[in-house]
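The structure under discussion appears below in the form of structure tokens.
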Amino acid sequence: MNRFPARALLALALGASLAGCASLAPQPRDADISQLLSERGGPSVDWSSLSAPPSEQARIAQWLDEPMTLEAATRVAMLRSPRLREHYARLGLARAEVLEAVEIGNPRLSFQRLSVEGGGHVRSTGLSLPLFDLLLLPANARLAGKDYERARYEVAGAVLDTVADVESAWYAYVTARQVAGMREAVAEGTAASAELAARFHAAGNISALQLAQEQAAASQARIGALQARADAVRHRLGLVTLLGLRGEEATWEASDTLPLPVPAEDEPAQLLELARAGNLELLAARAEAEVLADALGLTRALRWIGGSEIGYEREKEGDGSVLRGPDISLELPVFNQGQAKLARAEARLAAALARVQQAELSAENGVLTGTQAVAAMREVVQTHRLALVPQRESIVARQQERQNFMLIGVFELIQAKVAEYDAYQSYLEAVRDYWLARVELARVVGHRLPSDAGIEARTPSLDAILGPPEAPAMDHSQHQGMDHSGHDMSPKAGDKPAPKAEEPEDEHQHHHHGATP
């Protein structure tokens with residue numbers, strides 16, 4: 001009888017197992033995700049620093065001492081966000097599944113001792129391994145590697161989603177903070193107007209109806225200021241939560257300006273190509289379909305031999321002789337021929353292919369919808385910059401002239417000023433909505449938009465908008481067509497008339513300082 005030592009069987013099993021997992025580390029590596037992120041213009045992620053060691057704490061403290069820019073907010077999130085820790089754990093779970101897939105079942109050791117009539121005993125020992133696991137080990141390793149690629153795409157996509165959420169929250173908070181300041185200024189101005197109206201009414205200069213109108217306007221403005229303040233607090237807490245900050249760390253202030261629209265938008269055809277090649281949700285769906293297609297092929301080929309084992313037997317007879325040799329047991333597919341396994345594998349593949357089609361449709365239609373939304377919001381911003389805000393400022397200037405010559409009262413001037421601030425608020429909200437639309441477009445593309453490199457000019461700060469008449473309210477080199485004469489909510493009768501907007505000199509000045517978007 002041919003001999004097949006037990007140690008040879010163990011060596012075969014051990015060698016096969018090591019061959020399947022020799023290239024796999026027990027924990028995910030930074031490079032597993034960083035390369036995918038860098039290819040898409042995303043931030044670098046140092047998974048080992050997510051516990052925020054002292055050196056990273058010092059860097060975070062330095063960033064928090066300065067106004068929180070969008071870039072600083074993203075850096076803080078990469079170091080402190082609880083979401084990233086969750087994604088890291090998901091990647092570790094995927095790696096564990098890979099390791100488990102390339103393992104084979106443990107050997108089974110059996111022992112028998114039988115008594116023989118007339119005296120003596122027969123002892124037998126056996127060692128067996130699941131043959132099916134051995135045969136499937138290379139295929140399982142290949143499938144596990146593909147599935148880990150799918151997990152990498154999903155986790156990298158989740159990181160980019162976190163970045164997009166931080167960007168959206170930052171845009172929303174900066175705008176809400178500016179709006180709250182403007183609503184507070186309007187509330188103070190209308191309160192002063194109501195107080196002045198009360199004195200005029202007491203002197204018999206205005207009617208009770210006019211007084212009630214001014215008081216109602218002041219109350220409405222105060223309500224708007226309180227709501228805007230609450231809205232700013234809500235957006236701030238949302239951003240703080242995304243960044244993973246708490247306690248004293250949450251005392252930072254965000255920068256008070258937004259970037260203006262980029263000089264030129266990206267071509268939809270270019271973004272479609274980026275989405276088809278780099279959208280991580282789409283890549284993950286394709287990787288899943290590849291895994292399930294491979295698994296279906298294995299199921300079809302090997303469904304007949306499930307439950308088979310290979311082993312080694314050693315038997316000692318009562319007369320002292322020893323019998324030994326290999327042992328193999330095969331499952332006969334008489335009743336169960338793997339029909340259910342095959343049907344399940346086919347259904348899973350069909351569902352995966354449908355998800356690929358859905359991801360492709362979502363990416364392509366999302367790019368087209370997103371580019372249209374960005375173009376529309378860009379037009380809204382330009383209409384504010386070139387038309388509405390200059391028109392409201394011109395109205396204030398003309399009303400200032402009329403009030404100086406006592407053709408109208410101070411209340412009409414204040415109303416014009418409130419309408420000007422409303423136009424500024426609408427302008428800032430339009431800029432915010434433009435950038436939120438770009439964030440969503442980048443999310444669909446799965447790549448930072450190439451035109452982001454052209455970001456330069458910024459909106460005016462709140463102090464510039466609310467500044468006194470003698471201080472320039474805007475840098476005209478960045479904001480075409482905006483005449484910032486007179487931002488005082490309490491104009492005086494002795495003020496000099498503002499220059500007329502229709503004068504050629506003013507028109508030339510607007511065109512000279514304007515920046516073509």
Side-chain angles (χ1 to χ4, degrees), residues 12-13 15-25 28 32-33 36 90-106 128-158 275-310 328-365 446:
L12 173 64
S17 178
L18 291 177
C21 61
S23 61
L24 296 173
D32 292 347
I33 297 297
L36 292 176
R90 286 173 53 195
L91 192 64
L93 180 61
R95 176 54 63 93
E97 292 175 352
V98 172
L99 295 176
E100 185 177 31
V102 298
E103 292 176 348
I104 60 176
N106 290 320
S128 63
L129 287 170
L131 176 62
F132 198 66
D133 287 353
L134 289 172
L135 293 176
L136 284 182
L137 184 60
N140 283 340
R142 184 177 68 255
L143 289 176
K146 289 184 178 180
D147 195 55
Y148 185 68
E149 284 296 304
R150 177 199 56 78
R152 285 179 62 232
Y153 293 142
E154 287 186 348
V155 173
R276 293 188 182 111
N279 181 286
L280 290 169
E281 180 182 357
L282 177 56
L283 293 179
R286 289 171 177 167
E288 181 186 21
E290 290 179 4
V291 170
L292 293 177
D294 203 347
L296 174 60
L298 289 174
T299 302
R300 284 174 175 164
L302 302 176
R303 65 190 176 113
W304 307 99
I305 58 174
S308 302
E309 290 186 347
I310 183 174
I328 185 171
S329 63
L330 298 177
E331 177 182 335
L332 298 179
V334 177
F335 303 107
N336 183 358
Q337 299 177 354
Q339 297 95 331
K341 293 180 180 179
L342 184 59
R344 187 180 298 110
E346 291 174 344
R348 287 176 175 172
L349 177 59
L353 293 175
R355 284 192 291 272
V356 171
Q357 294 178 349
Q358 182 60 45
E360 290 174 346
L361 284 174
S362 298
E364 293 178 3
N365 294 336

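Note that the coordinates shown come from a computational prediction; the quantities given were computed from them, not determined experimentally.
For Arg276, the CZ atom is densely surrounded, since the number of other residues' heavy atoms within 6.0 Å is greater than 12.
Under the 4.0 Å criterion applied to side-chain N and carboxylate O atoms, Arg300 and Glu346 are assigned as salt-bridge partners. For Glu290 and Arg286, the salt-bridge test fails: no basic side-chain N is under 4.0 Å from an acidic carboxylate O. Using a 4.0 Å cut-off between charged side-chain N and carboxylate O, Glu149 and Lys146 make no salt bridge.
The structure places CG of Leu353 at 9.5 Å from CD of Glu288, a figure rounded to the nearest 0.5 Å. Of the inter-residue distances, the one linking Asn279 atom CG with Glu360 atom CD reads 10.0 Å to the nearest 0.5 angstrom.
The minimum heavy-atom distance linking Leu292 with Ala352 is given by the pair CD1-CB, 3.5 Å. For the residue pair Ala345 and Leu296, the shortest heavy atom distance occurs at CB-CD1, 3.7 Å. Of all the heavy atoms in Leu349 and Ala293, the pair that sits closest is CD1-N, 3.6 Å. Between Ala359 and Leu282, the shortest heavy-atom distance links the atoms CB-CD1, 3.8 Å. Smallest separation of non-hydrogen atoms from Ala156 and Leu280: C-CD1, 3.5 Å. Taking every heavy atom of both residues into account, Ala284 and Arg150 meet most closely at O-CG, 3.5 Å.
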